[in-house]
Participant: 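Just dropping this structure here.
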Amino acid sequence: MAKSAPRIGSRRNGRIGLRKSARRIPKGVIHVQASFNNTIVTVTDVRGRVISWSSAGTCGFKGTRRGTPFAAQTAAGNAIRTVVDQGMQRAEVMIKGPGLGRDAALRAIRRSGVILSFIRDVTPMPHNGCRPPKKRRV
C-alpha cells in the first residue's frame, strides 16, 4: 500500500495556526444576511475566503431577540473588530434579506472606522419564479 503524502496544515506538521494570524487584509467584503429571525455578518477578503463571522445567536441572543436591531448591531461589531485588528481599512458591503437588522448592522459598520467603497443590496428577487403557498384561512 502506498504511503500518503503529508497534508499541509495538519496537526502533525505543527503548522495549524500560522496562516490565520499572519494574514494582513487591506481590503475586504462585508456580507450582511438579515432574516426576520437572525442576522449573520461575514467578512471575507476580495477572493471570497472567510476571515471573520458573527451572528446574533453567537453573541448570546436567544429566541426572538436574535431578530432585533440591537442584536444585529452587536453581531456586526464583533465581526468587524477582529478584521480591523488585522489591518482592514477599506470594505465593500453586500446586504441581503428583509430583516430588521439591515440598517442597524450598516450603522455599526459605518461607526467602526472602515472606509466603505460601496454598499449593494443583493436580496434575491424572483422574476415570477415559484408559485407561492396558498393563503391561510384562519
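Everything numeric here is computed off the predicted structure, so don't read it as measured data. FYI, the numbering just counts along the sequence from 1.
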Participant: Under the 3.5 angstrom rule, does the side chain of Thr58 hit a backbone N or O of Ser54 as a donor-acceptor pair?
Facilitator: no

Participant: Test of understanding: with salt bridge (charged side-chain N to carboxylate O under 4.0 Å, His left out), list the residues that count as partners of Asp45, not counting sequence neighbours.
Facilitator: Arg49

Participant: Are the side chains of Val29 and His31 in touch, meaning some heavy atoms are under 4.5 Å apart?
Facilitator: yes

Participant: Ignoring hydrogens, what is the shortest heavy-atom contact between Met88 and Lys27? Give both atom names and the distance.
Facilitator: CE-C, 4.2 Å

Participant: Mind listing the closest non-hydrogen atom pair of Thr39 and Ala72 along with its distance?
Facilitator: OG1-CB, 3.6 Å

Participant: I need the minimum non-hydrogen distance between Ala71 and Ala56, along with the two atoms involved.
Facilitator: CB-CB, 3.7 Å

Participant: Do you know which two heavy atoms are closest between Val114 and Ala91, and how far apart they sit?
Facilitator: CG1-CB, 3.6 Å

Participant: State plainly whether the residues Asp121 and Lys96 are in salt-bridge range, i.e. N to O under 4.0 Å.
Facilitator: no

Participant: What distance separates Arg110 CZ from Ile119 CD1, expressed to the nearest 0.5 Å?
Facilitator: 4.0 Å

Participant: Has the side chain of Arg120 got a donor or acceptor atom that lies under 3.5 Å from a matching backbone atom of Ile95?
Facilitator: no

Participant: Considering non-hydrogen atoms only, spot the tightest contact between Ala79 and Val43 and give its length.
Facilitator: O-CG2, 4.0 Å

Participant: Which atom pair, heavy atoms only, marks the closest approach of Lys62 to Gly57?
Facilitator: NZ-O, 4.0 Å

Participant: Is there a path of hydrophobic side-chain contacts, each under 4.5 Å between heavy atoms of I/L/V/M/F/W/Y residues, joining Trp53 to Leu106?
Facilitator: no

Participant: Going from NZ on Lys135 to CZ on Arg137, what distance comes out if it is rounded to the nearest 0.5 angstrom?
Facilitator: 12.5 Å

Participant: Checking Glu92 against Leu116 for the side chain to side chain contact (heavy atoms under 4.5 Å, CB included) test, could you report, in this order, the C-alpha distance in whole Å, the side-chain angles of both residues, the deciding distance, and whether it holds?
Facilitator: CA-CA 6 Å; Glu92 306 165 356; Leu116 302 180; over 6 Å; no

Participant: Using side-chain heavy atoms (C-beta onward) and a distance below 4.5 Å, is Val93 in contact with Ile109?
Facilitator: yes

Participant: Kindly indicate whether the side chain of Ile51, heavy atoms from C-beta on, has any atom under 4.5 Å from the side chain of Thr44.
Facilitator: no

Participant: Under a 4.5 Å side-chain heavy-atom rule over Ile, Leu, Val, Met, Phe, Trp and Tyr, are Phe61 and Ile80 clustered together?
Facilitator: no

Participant: Hydrophobic clustering (ILVMFWY, side-chain heavy atoms < 4.5 Å, transitive) - are Val41 and Met94 grouped together?
Facilitator: no

Participant: Taking atom CD of Gln33 and atom CZ of Arg102, what is their separation to the nearest 0.5 Å?
Facilitator: 10.5 Å

Participant: Backbone N or O of Thr82 within a donor-acceptor pair of the Ser52 side chain at under 3.5 Å?
Facilitator: no

